[in-house]
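Heads up: the structure comes next, in structure tokens.
As a basis for the values below, the full set of heavy atoms in this structure was taken, side chains included, without hydrogen atoms, waters or symmetry mates.
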Amino acid sequence: MSREGLLASAAAGALALGLAVAGPATADTLVTMNTVQIFQTVDPAKISDYTDYMAAVNLYDGLVGVDYAGNITPELASSWDVSADAKEVTYHLKPDAHFSDGTPVTAKDVVYTFERLLKINQGPANLFADVLKPGSVTAVDDHTVKFTLSKTYAPFVTTVPAVFILNSKVVEANKGTDDGQTYLSTHTAGAGGYLLKSWDRGSQMTIVRDPKYYGGWKDHPIDTVHWVITNDEATVKSMAASGELTMSSQYQSPETYDALKGMDRFKIVKQDTAVAFYIKLNTKAKPTDDIHIRKALACATDYDTIRNTIVPGGELNGPLPKAFADYYASDLPAPKFDLDCAKAEVAKSKYAGQTPIPITLQYVSGTKFEEDIALLMQSNLEQVGFKVTAQPDPWNRVTELATKLETSPAMSEVFFGPTYPSPDSMFFTQYDSKAAGTWSSLEWLQNPDIDALIEKARSTGDKAQQASIYKDLQHKLVDLQPDVFLETQTVQHAMDKCLSDYKSVPMQSFDYDFKLYSWTCSK
């Protein structure tokens, strides 16, 4: 869609809601935020990336949530108990919790949600592989649900926020032949603070506040959230200049942040995060199947230019961000940009003498800083014997290609942050063999030794032992070089000065739960 068409579509969506486009201070408080990826699904059994979770965390509630410090907090459940052997976890539901249609939330709904998740086996289902089996989630009574784990799984409580609870009566009434997947591709059936108003996958999504939300509302809430999909920086600047934009995505170029900061209406909010930015290397495809090629790519990366100029961020010396301080291997050396090192590694590889060595670098189309990184890598790599094909793809194409080894590119620029507040999220979801075939696991590592260490860390509740295992894992993964470790993300948003209470949360997109935000200016 053209820039003009996109803005017209956004304006039409806002007017259909009876809201003014030029700023949120109307009868209802409207926040318009751009995002650079489409919303692929709002089905809790299928959500997987940051835009999916950004919508879901507003439209649904889980048993528990996550706060800014990574602590597990009550949501539909008021409390929970963990058995001494950590194989049983029992949740006690809030007696006043209800879905958006007024139906009470019961243990039956929790059981139904997890049984459906395990059956469909997509989205967050892989978090529970070999941990939950059909029949292992049971209703003790209407307000008590028990999880019986197949084995000790230390991170279990931290994974539960990734699953949003469904209204079983609504889904069953619209079950069809696919367990409600068709229905939930365009409808919601949850207990979240917001209701789905409109959604066009390619251009926008609009949600509206449910005044009957069981959790109640803070003072000066956000009434309507309107997300607009943007494919270039010019559109974001134009939306800001026209008064339409309230909050930018976290994936804009430095030039765009500077331009919006120059407009009196915006402030720039920056926070360090546990999100890492990688160039994922397909360890099973040519030429990145060779360890020396992977090492060469790491040596040929200009980290300082990327971190300080193209997309400012923090140092990332391995797969785990420093935010996981108790588990972080602080003795890992910082990667260095060294073209002589890159040439030496190429000479050691099985591709030595093949000039040039063809290689494909994939990045998300319409994301200026990722394109700039691709161009920088192309320039550096062609100095050491590679012929680089830059491959811009929309995010849905990235995720589609990732499902098969033969279609996954040799190199892919990908942000990945914890899906749940545990180091296990960074290791299992990216490097375990069970995760292969997902966008987060484009490395296709499938290494039995790495799998065994991940499983060992999962099987102990001893924090000191876990820390030792995770530090060993970091060293082994750096040695295997399945990624170029670019940086940790310093999240940035240009936000209207009237919008407040944004804080980074160490779980995928939970910081975009607009129940947490306030509008500080008069309507």
**Report entry** Under 3.5 Å donor-acceptor, Ser79 side chain and His92 backbone
**Finding:** no
Report task. Could you tell me which residues satisfy ring pair (Phe, Tyr, Trp, His ring centres under 6.0 Å) with Tyr112, sequence neighbours excluded, listed by chain and number? Result -> none
Can you list, pair by pair, the side-chain donor-acceptor contacts under 3.5 Å of residues 185-193, counting residues two or more places apart and other chains?
residue, atom, partner, partner atom, Å
Ser185, OG, Thr182, O, 2.5
His187, ND1, Tyr183, O, 3.1

Report summary line: Nearest heavy-atom approach of Thr113 to Leu166 is OG1-N, 2.8 Å
**Report entry** Donor-acceptor side-chain pairing of Thr399 and Asn396 below 3.5 angstrom
**Finding:** no
Query raised in the report: For Thr288 and Asn282, which heavy atoms make the closest approach, and how far apart are they?
Result: OG1-O, 2.6 Å
Report task. Output all residues satisfying ring pair (Phe, Tyr, Trp, His ring centres under 6.0 Å) with Trp395, sequence neighbours left out; order by chain, then residue number. Result -> Trp439
Query - Lys218 atom NZ, over 12 foreign heavy atoms within 6.0 Å - result: yes
Query - Under 3.5 Å donor-acceptor, Asp141 side chain and Thr144 backbone - result: yes
Query raised in the report: Hey, are the side chains of Leu320 and Phe427 touching, using non-hydrogen atoms and a 4.5 Å cut-off?
Result: yes
Requested in this report: With side-chain contact (heavy atoms from CB on, under 4.5 Å) as the test, would you mind laying out the steps for Asp511 and Lys503 before giving the verdict?
Outcome: CA-CA 6 Å; Asp511 30 10; Lys503 290 183 182 178; over 6 Å; no
Query raised in the report: What is the ring orientation for Tyr517 with Tyr502, classed by angle as parallel under 30°, tilted 30 to 60°, or perpendicular over 60°?
Result: tilted
Report summary line: Sorted by chain and number, sequence neighbours left out, ring pair (Phe, Tyr, Trp, His ring centres under 6.0 Å) with His292 holds for none
Query - Over all atoms of both residues, closest heavy-atom pair of Leu401 and Thr407 - result: O-OG1, 2.6 Å
Requested in this report: Find out whether Ile72 and Pro421 are in side-chain contact, i.e. whether some heavy atom of one side chain is under 4.5 Å from a heavy atom of the other.
Outcome: yes
Query raised in the report: Any side-chain heavy atom of Leu473 within less than 4.5 Å of one from Ile450?
Result: yes
Report task. Check the side chains of Thr460 and Gln465 for a donor-acceptor pair under 3.5 angstrom, ignoring hydrogens and angles. Result -> yes
Report task. Measure the NE2-CE distance between His226 and Met33 for me, rounded to the nearest 0.5 Å. Result -> 13.0 Å
Requested in this report: Begin from the C-alpha positions of Asp483 and Tyr431 and carry the test side-chain contact (heavy atoms from CB on, under 4.5 Å) through to its verdict.
Outcome: CA-CA 10 Å; Asp483 302 292; Tyr431 305 112; 2.6 Å; yes
Report task. In sequence, state the C-alpha distance, the side-chain angles, and the governing distance for Lys476 and Asp449, and then conclude on salt bridge (charged side-chain N to carboxylate O under 4.0 Å, His left out). Result -> CA-CA 9 Å; Lys476 290 185 182 301; Asp449 293 336; over 6 Å; no
Query raised in the report: Would you call Lys280 and Gln430 a side-chain contact if the rule is heavy atoms closer than 4.5 Å?
Result: yes
Query raised in the report: Is there side-chain contact between Glu413 and Ile279, with at least one heavy-atom pair below 4.5 Å?
Result: yes
Query raised in the report: Under 3.5 Å, is there a donor-acceptor pair between the Thr90 and Glu88 side chains?
Result: no
Requested in this report: Check step by step if side-chain contact (heavy atoms from CB on, under 4.5 Å) holds for Leu117 and Phe128.
Outcome: CA-CA 10 Å; Leu117 174 70; Phe128 307 101; 4.0 Å; yes
**Report entry** Gln40 vs Lys46 side-chain heavy atoms within contact, under 4.5 Å
**Finding:** no
Report task. Report, as yes or no, whether the 6.0 Å neighbourhood of atom NZ on Lys151 holds more than 12 heavy atoms from other residues, nucleotides or ligands. Result -> yes
Query - Within residues 125-139 or reaching into it, pairs that qualify as side-chain hydrogen bond (donor to acceptor under 3.5 Å, both in side chains) - sequence neighbours excluded - result: Asp130-Lys434
Requested in this report: Would you please classify the geometry between the Phe114 ring and the Phe147 ring as parallel, tilted or perpendicular, with 30° and 60° separating the classes?
Outcome: perpendicular
Query raised in the report: Going by heavy atoms in the side chains, are Val491 and Val275 under 4.5 Å from each other?
Result: no
Query - Thr51: partners by side-chain contact (heavy atoms from CB on, under 4.5 Å), with sequence neighbours left out - result: Thr35, Gln37, Phe39, Asp49, Met54
Requested in this report: Measure from the ring center of Tyr278 to the ring center of Phe416 and say whether it is less than 6.0 Å.
Outcome: no
Report summary line: Residues Ser422 and Pro155: closest non-hydrogen pair is OG-CB, 3.9 Å
Requested in this report: With sequence neighbours excluded, give me every salt bridge (charged side-chain N to carboxylate O under 4.0 Å, His left out) pair touching residues 154-169.
Outcome: none
Report task. Give every residue pair that meets the salt bridge (charged side-chain N to carboxylate O under 4.0 Å, His left out) criterion with at least one member in residues 421-431, sequence neighbours excluded. Result -> Asp424-Arg458
Report task. Indicate the atoms forming the closest heavy-atom contact of Leu196 with Leu59, along with that distance. Result -> N-CD2, 3.5 Å
Report task. Might you point out which heavy atoms bring Ala274 and Pro321 nearest each other, and give the distance in Å? Result -> O-CG, 3.2 Å
Query raised in the report: Under the side-chain contact (heavy atoms from CB on, under 4.5 Å) criterion, do Leu316 and Leu486 qualify, and how do the steps go?
Result: CA-CA 6 Å; Leu316 182 67; Leu486 295 178; 5.7 Å; no
Query - Pair Thr403, Glu400: side-chain N/O donor-acceptor within cut-off below 3.5 Å - result: no
Requested in this report: Give me the one residue out of Trp227, Tyr512, Trp217 that meets ring-ring contact (aromatic ring centres under 6.0 Å, His included) with Tyr194.
Outcome: Trp217
Query raised in the report: So with a 6.0 Å cut-off around NZ of Lys284, is the heavy-atom count from everything else above 12?
Result: yes
Query raised in the report: Should Val105 and Lys94 count as side-chain neighbours, where that means a heavy-atom distance under 4.5 Å?
Result: no
Report task. Examine distances only and state if a side-chain atom of Thr283 and a backbone atom of Trp444 form a donor-acceptor pair shorter than 3.5 Å. Result -> yes
Below 3.5 Å, can you tabulate the donor-acceptor pairs from side chains in residues 324-335 to any protein atom, sequence neighbours excluded?
residue, atom, partner, partner atom, Å
Asp326, OD2, Lys463, NZ, 2.8
Asp331, OD1, His475, NE2, 2.9
Asp331, OD2, His475, NE2, 3.2

Query raised in the report: Side chains of Asn34 and Gln252: do they bring a donor and an acceptor to under 3.5 Å?
Result: yes
Report summary line: Residues at least two apart in sequence or cross-chain that pass salt bridge (charged side-chain N to carboxylate O under 4.0 Å, His left out) with Asp513, listed by chain then number, are Lys515
Requested in this report: Report the residues that fulfil ring pair (Phe, Tyr, Trp, His ring centres under 6.0 Å) with Tyr251, sequence neighbours left out, ordered by chain and then residue number.
Outcome: Tyr50, Phe415
Query raised in the report: Is a side-chain donor-acceptor pair under 3.5 Å present for Asp101 with Thr103?
Result: yes
Query raised in the report: With sequence neighbours left out, which residue pairs that include part of residues 55-70 fulfil the side-chain hydrogen bond (donor to acceptor under 3.5 Å, both in side chains) condition?
Result: Asp61-Tyr213, Asp61-Tyr214, Asp67-Asn71
Query raised in the report: Any donor-acceptor pair under 3.5 Å linking the side chain of Tyr303 with the backbone of Ala298?
Result: yes
**Report entry** Test item: side-chain donor near acceptor, Ser83 and Asp85, under 3.5 Å
**Finding:** yes
**Report entry** Lys295 side chain to Asp479 backbone, donor-acceptor under 3.5 Å
**Finding:** yes
